[in-house]
Amino acid sequence: EKIEFTTEQQALMRVITDAYNKHQIPQDVTKKLLQDQYSTEENFLLLTEMATSQVQVLVEFTKNIPGFLSLDREDQIALLKGSAVEAMFLRSAQALNKKMPIGHTEVLEERIHKSGISEEFIKPMFNFYKSIGELHMVLEEQALLTTITILTPDRPYVKDQPAVERLQENVLDLLRKMCVLHHPQEPQYFARLLGRLTELRTLSHYHAEMLASWKVNNHKFTPLLCEIWDVQ
Ligand SMILES: CC(C)c1onc(-c2c(Cl)cccc2Cl)c1COc1ccc(-c2ccc3[nH]c(C(=O)O)cc3c2)cc1
């Protein structure tokens with residue numbers, strides 16, 4: 001059917017997409033993936049640097065989500081802490097599946113495989129990466145899905161859940177329309193996207209165990225990651 005976007009929805013789409021494009025890990029950080037040391041320790045350090053940079057980028061992106069800065073400040077922190085891992089799974093999935101700068105895809109995949117992550121977590125992680133790749137999301141859908149993940153009302157310690165729900169509902173409605181617009185042959189596409197959010201929650205639980213079981217001896221995380229992941 002004919003898809004109509006309200007002026008508010010067009011503005012919301014523009015703001016979120018522009019913010020998503022603007023806030024990316026800087027090239028001088030991602031190009032370090034191409035350096036030639038591939039020890040477990042070196043891979044772990046590089047991934048730690050990627051994650052730290054990604055969290056900084058995520059915070060800046062989140063501040064651009066319309067209505068986010070009007071939420072209670074403690075709720076803003078609770079939403080960021082609760083969604084950081086999931087948003088990073090989405091971002092790293094998009095990086096691994098898109099034509100990243102020459103060779104980054106292979107080296108990022110290689111470094112994740114050889115960074116001391118237990119085999120039991122590698123499998124679900126790369127199944128997720130594959131399932132995201134098969135969706136062939138357009139950039140707007142990636143930006144909206146990341147926003148929906150951040151605006152999940154039932155994260156731990158969120159006090160005013162209805163306020164978050166109201167923001168998330170606007171983005172869900174917009175994503176539903178975008179899916180019909182970009183994938184007219186697949187009426188179930190929107191439902192498939194939301195199914196990825198369920199898989200993200202599972203991966204997020206795995207991740208807590210991943211942090212504990214990291215085999216890299218005396219693995220150290222950066223202060224920012226320790227704060228957002230409540231480790232050390
Ligand atoms: C602290 C480190 C070791 C860590 O712990 N868990 C994870 C972890 C893991 Cl493996 C998997 C999933 C989530 C987390 Cl959160 C990580 C590493 O996290 C990231 C790895 C890569 C990227 C990332 C994102 C976008 C990118 N673009 C490009 C580019 O070249 O354009 C490279 C790139 C890298 C982000 C987080």
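Numbers here simply count residues along the sequence, with the first being 1. In each ligand, atom 1 is the first atom listed, and ligand 1 is the first ligand listed. Heavy atoms only: backbone and side chains are in, while hydrogens, waters and symmetry mates are out.
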| field | Side-chain H-bond candidate by donor/acceptor type, Gln161 with Asp154, under 3.5 Å | value | no

A student checking ligand 1 against Ile117 at a 4.0 Å heavy-atom cut-off should list atoms 10 (Cl)

- Compute whether any side-chain donor of one residue and acceptor of the other, for Ser92 and Tyr129, lie under 3.5 angstrom apart. yes

Counting heavy atoms under 4.0 Å, the part of Ala95 that contacts ligand 1 is side chain

If we number the atoms of ligand 1 from 1 as shown, the ones under 4.0 Å from a heavy atom of Tyr129 are 11 (C), 12 (C)

Numbered in order shown, the ligand 1 atoms found under 4.0 Å of a heavy atom of Met50 are 20 (C), 21 (C), 22 (C)

Would you please say whether a donor-acceptor pair under 3.5 Å links the side chains of Thr149 and Ser83?
no

Quick look: Thr30 vs ligand 1, heavy-atom contacts under 4.0 Å, and the answer is side chain

> Are a donor atom and an acceptor atom from the side chains of Gln35 and Glu42 found within less than 3.5 Å of each other?
Replying inline: yes

Heavy-atom proximity to atom 35 (C) of ligand 1 ranks first, among Arg91, Gln54, His113, for Gln54

One finds that the ligand 1 atoms under 4.0 Å from a non-hydrogen atom of His207 are 5 (O), 6 (N), 7 (C), 15 (Cl)

Donor-acceptor side-chain pairing of Glu86 and His207 below 3.5 angstrom = no

Exercise for the section: Can you establish whether the number of heavy atoms outside Lys22 located under 6.0 Å from its atom NZ is more than 12? Expected result: no

**Message:** Quick check with a 6.0 Å cut-off and a 45 degree axis cone: is Arg91 positioned over the face of Tyr20's six-membered ring?
**Reply:** yes

Counting heavy atoms under 4.0 Å, the part of Thr52 that contacts ligand 1 is neither

Note to self: Working note: Phe61 + His23, criterion ring-ring contact (aromatic ring centres under 6.0 Å, His included); need CA distance, chi angles, decisive distance, verdict.
What the structure shows: CA-CA 6 Å; Phe61 169 70; His23 301 299; 7.1 Å; no

Taking only non-hydrogen atoms of Leu225 and a 4.0 Å limit, the atoms of ligand 1 in range are 1 (C)

For Ile25, the ligand 1 atoms with a heavy-atom partner under 4.0 Å come out as 23 (C), 24 (C), 25 (C)

Per-atom filter on ligand 1: closer than 4.0 angstrom to a heavy atom of Leu33 are 32 (C)

Going by the 4.0 angstrom heavy-atom rule, the piece of Trp229 near ligand 1 is side chain

